[in-house]
Amino acid sequence: MAGQFRSYIWDPVLIVSQIFLMQLIYYSFLGLWIAVLDLVIHYSPSLDQIFNDEILGFSSVPGRVSMMAFIMNSWTCALGLLYFIRRGKQCLDFTVTVHLFHLFGCWIYTSHLPYTFTWWLLNMVCIALMAVIGEYLCLRTELSEIPLNSAPKSNV
């Protein structure tokens, strides 16, 4: 390991902490987006907008607003990946983990596995958006130049 840039030590406490933090970011900002958008359309927020697959859809205004909140939450969570995961290689792993826990949460809340096509499509789009944007942001910072000299440049 002497010639490597970064050590790859498996740290389960760090991984569990990052998973917990990403879940916190996911639900906090999803709730915030839903509350703000519901305020705009004068609709009262509920947990059904987060966990009930039957709410999501193009036919009702609350369904479209919830779908918009999920899409905007993907952008917010991508920033969470940038600031707290910081590894392009791990963005897809954490993205799928967050959405897998969301699937379990929906399953527990509604007592059935989500069965609407809109729910599955929306979550696949959100996974793709969050992973791709998060990887792009993380790789952009990973590939930035490392300054070798901290002293100010002199004019020669």
Nearest heavy-atom contact between Leu56 and Ser66 is CD2-CB, 3.5 Å

Identify the two heavy atoms, one from Phe70 and one from Gln49, that lie closest to each other, and give their separation to 0.1 Å. CE1-O, 3.6 Å

Working to the nearest 0.5 Å, report the span between CZ of Arg64 and OG1 of Thr118. 12.0 Å

In this structure, SG of Cys126 is separated from CG of Leu121 (nearest 0.5 Å) by 9.5 Å

Heavy-atom side-chain proximity of Met22 to Ile85 below 4.5 angstrom: yes

A side-chain contact here means heavy atoms from C-beta on lying under 4.5 Å apart; do Leu81 and Leu137 qualify? no

Please report the shortest heavy-atom distance between Pro114 and Cys106, naming the atom on each side. CG-CB, 4.0 Å

Taking the side chain as C-beta and beyond, is there a heavy-atom pair between Leu82 and Arg140 under 4.5 Å? no

Would a 4.5 Å heavy-atom cut-off, applied to side chains only, mark Leu103 and Trp120 as touching? yes

Minimum side-chain heavy-atom gap Ile71-Leu122 below 4.5 Å: yes

Taking C-beta and beyond as the side chain, do Arg87 and Glu142 meet within less than 4.5 Å on heavy atoms? yes

Heavy-atom pair with the smallest gap, counting every atom of Thr116 and Asp53: OG1-O, 3.2 Å

Can you tell which of Trp107, Phe104, Trp119, Tyr109 makes a ring-ring contact (aromatic ring centres under 6.0 Å, His included) with Phe51? Tyr109

Cys91 and Cys138 have their tightest heavy-atom pair at SG-SG, 3.6 Å

How many angstroms lie between CZ in Phe94 and CG in Leu21, if you round to the nearest 0.5 Å? 9.5 Å

